[in-house]
Undergrad: 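Please find one structure pasted underneath; my questions will follow.
Naming: A, B, ... by sequence-line order, numbering from 1 per chain. Side-chain atoms are counted along with the backbone in the values below, which use heavy atoms only and exclude waters and symmetry mates.
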Number of protein chains: 2
Amino acid sequence: MDVAEGGRDLLFVESLERGMRLLAAFRGTTDSLGLTELAAATGLTKSAAQRFAHTWERMGYLEKDARSRRFRLGIRVLELGFFFLRGHPLAGRAMPHLLAVRERLGVAVNLSLRDGADIVYAVREPDQRLTLAEMLPGRRMPAFCTSAGRALLAHCGDDELDAVLAAPGRIRYTPHTETDAQALRREIETVRRQGFAIARDQVLIGQIGVAAAVPDFGRQPAAAVNMTMTTDQWGEARIVRELVPQLMAVTEAISRG
Amino acid sequence: MDVAEGGRDLLFVESLERGMRLLAAFRGTTDSLGLTELAAATGLTKSAAQRFAHTWERMGYLEKDARSRRFRLGIRVLELGFFFLRGHPLAGRAMPHLLAVRERLGVAVNLSLRDGADIVYAVREPDQRLTLAEMLPGRRMPAFCTSAGRALLAHCGDDELDAVLAAPGRIRYTPHTETDAQALRREIETVRRQGFAIARDQVLIGQIGVAAAVPDFGRQPAAAVNMTMTTDQWGEARIVRELVPQLMAVTEAISRG
DNA sequence: AGGCTCCGTATCGATATGCGATACTTAATA
DNA sequence: TATTAAGTATCGCATATCGATACGGAGCCT
């Protein structure tokens with residue numbers, strides 16, 4: 001469909017976008033939000049915030065505390081994510097394999113999907129003692145600094161890779177986080193050659209990850225499997241020796257179905 | 001705010017509701033949906049389906065296959081659920097306790113929330129070999145036939161309980177599923193007396209669950225913890241003896257923070 | 001291969017619907 | 001109790017959204 005250059009998109013329903021903007025305000029905080037705060041956070045007028053918050057509440061996507069008159073996300077927002085994962089062709093197939101790996105090797109395993117310059121963890125098998133955020137599906141991370149992200153970027157077309165690398169403002173999670181586009185491109189080249197990606201101290205000091213894409217019969221892979229370990233127990237040599245073969249076997253197996 | 005009787009709700013944004021209706025169509029299927037199917041499934045005109053699908057796609061909540069021109073849920077729908085759980089006061093606190101229980105007792109454990117006549121699983125620690133749907137947060141079950149649901153219903157006001165029990169059309173998952181309102185009410189009374197709920201063969205033959213609400217300082221509890229086992233290994237007597245004390249300790253601990 | 005059918009896409013004028021301003025009410029603070 | 005800030009309700013206006021419909025193309029059947 002033609003999104004006329006410059007002219008506005010005739011099929012785009014702005015009310016929907018504004019409504020979602022209000023819900024999205026809850027990404028920024030774990031707190032409840034009042035109407036005025038919502039208006040401020042979204043750039044909507046107070047009237048618009050009032051209408052949308054009211055509508056979301058009536059539909060069950062927001063909950064309103066009767067005393068404080070403040071809003072929170074409602075349980076219902078879990079629903080669509082559930083159906084997304086349940087219907088995802090790879091998630092269901094991957095689960096038993098991930099579980100087996102976690103049992104056998106005692107490392108955390110994830111199935112990750114790419115969304116532009118981010119990856120999203122879809123199916124997770126954490127290895128204990130993690131925080132809630134680290135075990136929930138839906139968590140987003142920049143692709144460039146995670147092993148799964150790099151494994152997936154390695155399978156992009158060059159133009160798409162360029163676009164991701166050209167984007168400014170990469171976060172330095174640690175002093176070792178590589179943010180230089182040239183260096184990242186070389187890293188991706190290496191991943192292309194060897195077929196797996198390793199990311200050490202990129203998000204958290206003392207954490208190392210290894211990942212490989214789930215092949216999809218010549219098409220661009222839709223997902224990657226990654227394992228995450230601590231550097232005190234796992235050096236790169238040992239990972240390549242002991243984990244990479246297992247990793248490749250798992251991605252292979254998931255791909256076959 | 002006054003939702004004038006009969007007259008329409010001036011603050012309700014219908015576009016939002018219609019837009020969500022389109023997304024909600026994906027609850028019914030794991031397949032992709034075409035425009036005509038979407039229109040049929042939602043009762044929207046084809047024009048409306050076109051506009052909303054287009055808008056969702058541009059926002060990343062739907063993905064469109066370029067070849068087939070059919071739509072699927074996009075990864076982005078996971079996002080809000082993630083933030084809901086991350087911000088939920090009980091979920092984060094409960095997680096380590098649930099994990100400990102699973103390790104110690106080898107049973108599946110969940111933190112469940114009630115939403116009207118349903119419960120929604122929020123934090124899950126499955127005990128292996130389960131299907132994907134059984135380990136994902138966001139799964140909905142009728143409250144009346146689950147141990148967690150009964151534990152939460154036991155703490156409702158009578159009017160709310162009446163409303164739930166009055167609703168028609170309870171599903172009989174198994175021949176043992178109790179659907180009679182009177183019998184359920186008696187069951188809930190028992191739960192009130194003893195402080196925990198047991199549900200045997202209610203959803204699946206051979207499955208038994210035990211649950212207790214997480215107390216909230218006299219207010220109505222917001223969540224329940226439930227454990228699920230197989231009946232061949234766990235009879236009611238053994239559950240009461242070995243699991244219920246642990247269950248009460250956990251709900252107590254979560255409540256304290 | 002050709003014709004047919006069904007589905008997705010694009011366009012358009014009418015108007016209901018959502019818009020923001022504003023006045024009112026309630027609750028929190030000192 | 002005065003003051004202030006936040007939430008709630010109302011309303012006339014204008015435009016964003018509506019459904020009908022015409023168009024184009026993919027797939028199917030004969």
Undergrad: Restricting to side-chain contact (heavy atoms from CB on, under 4.5 Å), what partner residues turn up for Arg21(B), sequence neighbours left out?
TA: Glu17(B), Arg18(B), Leu44(B)

Undergrad: NE2 of His54(A) versus C1' of dT10(D): gap in Å, rounded?
TA: 14 Å

Undergrad: Base, sugar-phosphate alone, or nothing: which one does Phe12(B) contact when heavy atoms must sit under 4.0 Å apart?
TA: sugar-phosphate

Undergrad: Quickly work out the Glu14(A) CD to dT17(D) C1' distance and round it to whole Å.
TA: 10 Å

Undergrad: Give a yes/no on whether any side-chain N or O of Thr45(A) is located under 4.0 angstrom from OP1 or OP2 of dA21(C).
TA: no

Undergrad: Could you work out, with side chain to side chain donor-acceptor pair (under 3.5 Å) as the rule, every residue matching Arg219(A), not counting sequence neighbours?
TA: none

Undergrad: In whole angstrom, give the distance that lies between atom CG of Leu11(B) and atom C1' of dA21(C).
TA: 15 Å

Undergrad: In whole angstrom, what separates Asp9(A)'s CG from dT11(C)'s P?
TA: 11 Å

Undergrad: Using OP1 and OP2 only, check whether a side-chain N or O of Arg18(A) sits under 4.0 Å from dC19(C).
TA: yes

Undergrad: Quick one: Arg70(B) CZ to dT9(C) P, roughly how many Å, whole number?
TA: 12 Å

Undergrad: Grab the CD-P distance between Glu17(A) and dA16(D) for me, whole Å please.
TA: 13 Å

Undergrad: For Arg193(B), give me all partners under side-chain contact (heavy atoms from CB on, under 4.5 Å), at least two apart in sequence or on another chain.
TA: Glu189(B), Thr190(B)

Undergrad: Pick the closest DNA chain C nucleotide for Phe71(B) and for Phe52(A) by heavy atoms, then say which residue is nearer the 5' end.
TA: Phe71(B)

Undergrad: Evaluate side-chain hydrogen bond (donor to acceptor under 3.5 Å, both in side chains) for Thr146(B) paired with Asn226(B), printing each intermediate quantity in order.
TA: CA-CA 9 Å; Thr146(B) 60; Asn226(B) 77 284; over 6 Å; no

Undergrad: Only counting residues at least two apart or in another chain, list the ones meeting side chain to side chain donor-acceptor pair (under 3.5 Å) with Ser15(B).
TA: none

Undergrad: Could you check which residues of residues 24-36 of chain B get a heavy atom under 4.0 Å from DNA chain C? Sort them by number, please.
TA: Gly34(B), Leu35(B), Thr36(B)

Undergrad: Nearest whole angstrom, please: distance from the P of dA6(D) to the CD of Glu37(A).
TA: 8 Å

Undergrad: With Pro215(A), which residues qualify under side-chain contact (heavy atoms from CB on, under 4.5 Å), at least two apart?
TA: Thr251(A), Glu252(A), Ser255(A)

Undergrad: Not counting sequence neighbours, which residues clear side-chain contact (heavy atoms from CB on, under 4.5 Å) with Asp159(A)? List them please.
TA: none

Undergrad: Kindly write out the residues that satisfy salt bridge (Lys or Arg N to Asp or Glu O under 4.0 Å) with Arg51(A), not counting sequence neighbours, or none if the list is empty.
TA: none

Undergrad: Check whether any side-chain N or O of Arg150(B) sits under 3.5 Å from a backbone N or O of Ala197(B) as a donor-acceptor pair, and report yes or no.
TA: no

Undergrad: Dump every N/O contact between nucleotides 12-15 of chain C and the protein below 3.5 Å, one line per pair.
TA:
none

Undergrad: Listed by chain and number, what are the side chain to side chain donor-acceptor pair (under 3.5 Å) partners of Glu125(B), not counting sequence neighbours?
TA: Arg102(B)

Undergrad: Got a list of side-chain donor-acceptor pairs under 3.5 Å for residues 76-87 of chain A, not counting sequence neighbours?
TA:
residue: Arg76(A); atom: NH1; partner: Met59(A); partner atom: O; Å: 3.4
residue: Glu79(A); atom: OE1; partner: Arg27(B); partner atom: NH1; Å: 3.1
residue: Glu79(A); atom: OE2; partner: Arg140(B); partner atom: NE; Å: 3.2

Undergrad: Protein within reach of the bases, or only the backbone? For nucleotides 22-30 of chain C, mark each nucleotide 5' to 3' as B, S or -, using heavy atoms under 4.0 Å.
TA: -----S---

